[in-house]
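For the single chain, residues carry numbers from 1 onward in sequence order. Hydrogens, waters and symmetry mates play no part in the numbers below; they use all other heavy atoms, side chains included. Quick caveat: nothing in here was measured; it's all calculated off a predicted structure.
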Amino acid sequence: MNKTLRLGLGILLGSALTVVVLAGGVIAWQSLRSGDPGVAVAVADPQAQRVRGQYLARAGNCMACHTARGGAAYAGGRAITTSFGTFYTTNLTPDKANGLGDWNADDFWRALHHGRGRDGRFLYPAFPYTSYTSLTREDSDALFAYLRALAPVAQANRSHDVRFPYDQRQLLGLWRAFFFTPAVYQPDPARSAPWNRGAYLVQGAGHCSACHSARNSLGGSIAPLALEGGMIAGLDWYAPPLHGGDGGLGSWSEADIAALLRTGVSPRGNSLGPMSEIVGRSLQYLNDEDINAMAVYLKSLPAQPLPSASTAAQPEPAEAERILKQGKKLYGELCVDCHGGKGQGSAPDYPPLAGNHAIGGPQPVNAIRAVLNGGFPPSTAGNPYPFGMPPFGPQLSDQEVAALVSYVRNSWGNQGGFVSASDVNRYRSVPLD
């Protein structure tokens, strides 16, 4: 081996060793950081605290994730599919062997605020502690008091099925160094009380950024407060932008935003897919003051650059004309009676398609799945008998669905681009949740 080669190899090995030492130092620093328990607040009325905790559990939709289909409430076991593997939610009942029975309020605060388990281990951010860290110690204690009052369920927790190297939990120390800093929400004195309350709910218990923010290849939220929209990992649904600019909620009134959050339907759009579950199981139970506060906050968010449109190949002009002609014919046969000749819809039962960013935005998946599978907004107190959309998948071919969706995404001012038959076929066998 010549001298130059030996020198180059030595430099590479030295650089690699430096990286390993630095990474180990970061992991050690994260492991040794204090999990400050905060200041517990004295409770004069334990029953009122539990009621407050129940309200917060609904605001966070905790039961939805921590309840397996057909299983006992809060007993865990629901699979959360991601690009890193499958995570299984934990038992939150006060069962001593499997749940929170041996936990105390400090342990629970450490999980929500610091993302650390009772034994000090790093928690995977599939549990959205990156949002829950915003909760006050008082609210954390209330939520814990409610969960401790549940009936214990002796259901064992299931081990995560995560691929290497993501199954090496200690490496989360590196992830946390880049993407997580514990911080309780601090009110903005320049803003109104409703705005601050809405910000606290959206950023904290509501953890809206978990779905409505784009993520990088490591699962870190790129801009969690921007709510610029993104694909929901593992669910194949697109969560549209929630910011106050064009393409988001800029043209919506606060009343329309509040109506969607409270009832699942509004003059500007209806909830479908995962959002339908969130409204039905969570948001409809919030009081009007909190719903209106969330609307105030969301409406105020600054505009963000529109996400890039789908990179799928677009057809040649002659082919595009043929597709749009076929799509227009199918729309006239199947859709016009409810959604109108100009895509204007008929509020509140049939949402508009014109200017609907969830339909005509950068991702076509919501429109494809709606045509294939249909769907209903949730049944809520404000809309107990929702009108739904029938599934057209059984009667339309992939090519026909693609033509119909392409027509909707390129009509009435929509500029969403075309979809192909292969795009449609991808979602024929994808479950709704």
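- Side-chain contact between Ile368 and Leu372 is present, with at least one heavy-atom pair separated by less than 4.5 Å.
- For the pair Arg158 and Tyr88, the cation-pi test (distance below 6.0 Å, angle within 45°) is passed.
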### Task
Evaluate the side-chain hydrogen bond (donor to acceptor under 3.5 Å, both in side chains) criterion for residues Arg110 and Asn104: first the C-alpha distance (whole Å), next the side-chain angles of each, then the deciding distance (0.1 Å), finally the verdict.
CA-CA 10 Å; Arg110 191 174 296 110; Asn104 59 39; 5.8 Å; no

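- Side chains of Arg281 and Arg58 form no contact here, defined as non-hydrogen atoms less than 4.5 Å apart.
- For Thr86 against Val162, the heavy-atom pair with the smallest separation is O-CG2, 4.1 Å.
- One side chain, Ser420 or Asp423, offers a donor N or O that lies under 3.5 Å from an acceptor on the other.
- Between Gln203 and Ser134, the closest heavy-atom pair is O-OG, 4.2 Å.
- The closest donor-acceptor contact from the side chain of Arg409 to the backbone of Ile359 lies under 3.5 Å.
- The nearest pair of heavy atoms linking Ile232 to Pro274 is CD1-CG, 4.1 Å.
- In summary, the aromatic rings of Trp175 and Phe84 are positioned with their centroids too far apart to meet the 6.0 Å limit.
- In this structure, Ser411 and Tyr331 have side chains that are not in contact, with every pair of non-hydrogen atoms separated by 4.5 Å or more.
- In this structure the side chain of Leu112 reaches within 4.5 angstrom of the side chain of Leu143, judged on heavy atoms.
- Note that OG1 of Thr67 is 7.0 Å distant from OH of Tyr74, once rounded to the nearest 0.5 Å.
- One side chain, Asp398 or Asn425, offers a donor N or O that lies under 3.5 Å from an acceptor on the other.
- Looking at Asp139 and Tyr200, their side chains do bring a donor and an acceptor atom within 3.5 Å of each other.
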### Task
Give the C-alpha distance, both sets of side-chain angles, the deciding distance and a yes or no for salt bridge (charged side-chain N to carboxylate O under 4.0 Å, His left out) between Arg137 and Asp141.
CA-CA 6 Å; Arg137 177 61 196 255; Asp141 288 354; 2.7 Å; yes

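- A ring-centre distance under 6.0 Å is found for Phe180 and Tyr129.
- Applying the salt bridge (Lys or Arg N to Asp or Glu O under 4.0 Å) test to Lys342 and every residue at least two apart in sequence or in another chain returns nothing.
- Side chains of Ser221 and Arg215 form a contact here, defined as non-hydrogen atoms less than 4.5 Å apart.
- There is no side-chain donor-acceptor pair under 3.5 Å between Tyr146 and Gln49.
- At least one side-chain heavy atom of Leu261 sits under 4.5 Å from a side-chain heavy atom of Met275.
- For the residue pair Tyr350/Asn270, the side-chain donor-acceptor check at 3.5 Å is not satisfied.
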#### Entry: Check against side chain to side chain contact (heavy atoms under 4.5 Å, CB included), Ile323 and Phe418
CA-CA 9 Å; Ile323 291 172; Phe418 287 72; 4.0 Å; yes

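- With 3.5 Å as the limit, one finds a donor-acceptor pair spanning the side chains of Asn292 and Arg262.
- Here the side chain of Thr89 pairs a donor or acceptor atom with the backbone of Arg78 at under 3.5 angstrom.
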### Query
Yes or no on side chain to side chain contact (heavy atoms under 4.5 Å, CB included) for Ser209 and Ser131, after CA distance, side-chain angles and deciding distance?
CA-CA 8 Å; Ser209 65; Ser131 295; 3.6 Å; yes

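- To the nearest 0.5 Å, atom OG of residue Ser192 and atom OH of residue Tyr297 are 12.5 Å apart.
- Between Leu147 and Phe108 the shortest side-chain heavy-atom distance falls below 4.5 Å.
- With hydrogens and angles ignored, the 3.5 Å screen pairs a side-chain donor or acceptor of Thr380 with a backbone N or O of Thr263.
- Here Tyr124 and His160 bring their ring centres to under 6.0 angstrom of each other.
- In this structure, Trp109 and His114 have perpendicular ring planes: the angle between them is above 60°, well past the 30° mark.
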### Message
Set out, in order, the CA-CA distance, both residues' side-chain angles and the distance that settles salt bridge (charged side-chain N to carboxylate O under 4.0 Å, His left out) for Asp236 and Arg369, then state yes or no.
### Response
CA-CA 9 Å; Asp236 282 317; Arg369 299 190 72 171; 5.4 Å; no

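- Asn196 places a side-chain N or O within 3.5 Å of a backbone atom of Asp188 that can act as its donor or acceptor partner.
- In this structure a side-chain-to-backbone donor-acceptor pair under 3.5 Å is present from Ser271 to Gly264.
- A distance-only check finds no donor-acceptor pair linking the side chain of Arg426 to the backbone of Ala421 [under 3.5 Å].
- Side-chain atoms of Asp290 never come within 3.5 Å of backbone atoms of Leu286 as a donor-acceptor pair (strictly under, hydrogens ignored).
- Ala205 approaches Leu135 most closely through the heavy-atom pair N-CD2, 3.8 Å.
- For Asn91 (side chain) and Gln155 (main-chain N/O), a donor-acceptor pair under 3.5 Å exists by modelled atom type.
- Pairing each heavy atom of Ala239 with each of Cys211, the nearest pair is CB-O, 3.3 Å.
- No salt bridge links Asp256 with Arg268; every basic N to acidic carboxylate O contact stays at or beyond 4.0 Å.
- Closest approach of Gly393 to Arg428, counting heavy atoms only: O-NH1, 3.0 Å.
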### Residues His113, Tyr132; criterion side chain to side chain contact (heavy atoms under 4.5 Å, CB included); working and verdict
CA-CA 6 Å; His113 186 68; Tyr132 294 156; over 6 Å; no

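- Although no hydrogens or angles enter the test, the distance criterion places a donor-acceptor pair under 3.5 Å between the side chain of Lys299 and the main chain of Gly250.
- Between the side chain of Arg176 and the backbone N or O of Gly115, at least one donor-acceptor pair lies under 3.5 Å.
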### Task
Test Trp252 against Leu260 for side chain to side chain contact (heavy atoms under 4.5 Å, CB included), laying out the working first.
CA-CA 11 Å; Trp252 289 48; Leu260 182 69; 3.9 Å; yes

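- For CZ of Arg121, the number of neighbouring non-hydrogen atoms (other residues, nucleotides, ligands) closer than 6.0 Å is 12 at most.
- Between Leu227 and Pro241 the shortest side-chain heavy-atom distance does not fall below 4.5 Å.
- For the residue pair Asp95 and Thr93, no side-chain donor N or O sits within less than 3.5 Å of a side-chain acceptor on the partner.
- Looking only at atom types and distance, the side chain of Tyr55 has a donor-acceptor partner in the side chain of Asn287 under 3.5 Å away.
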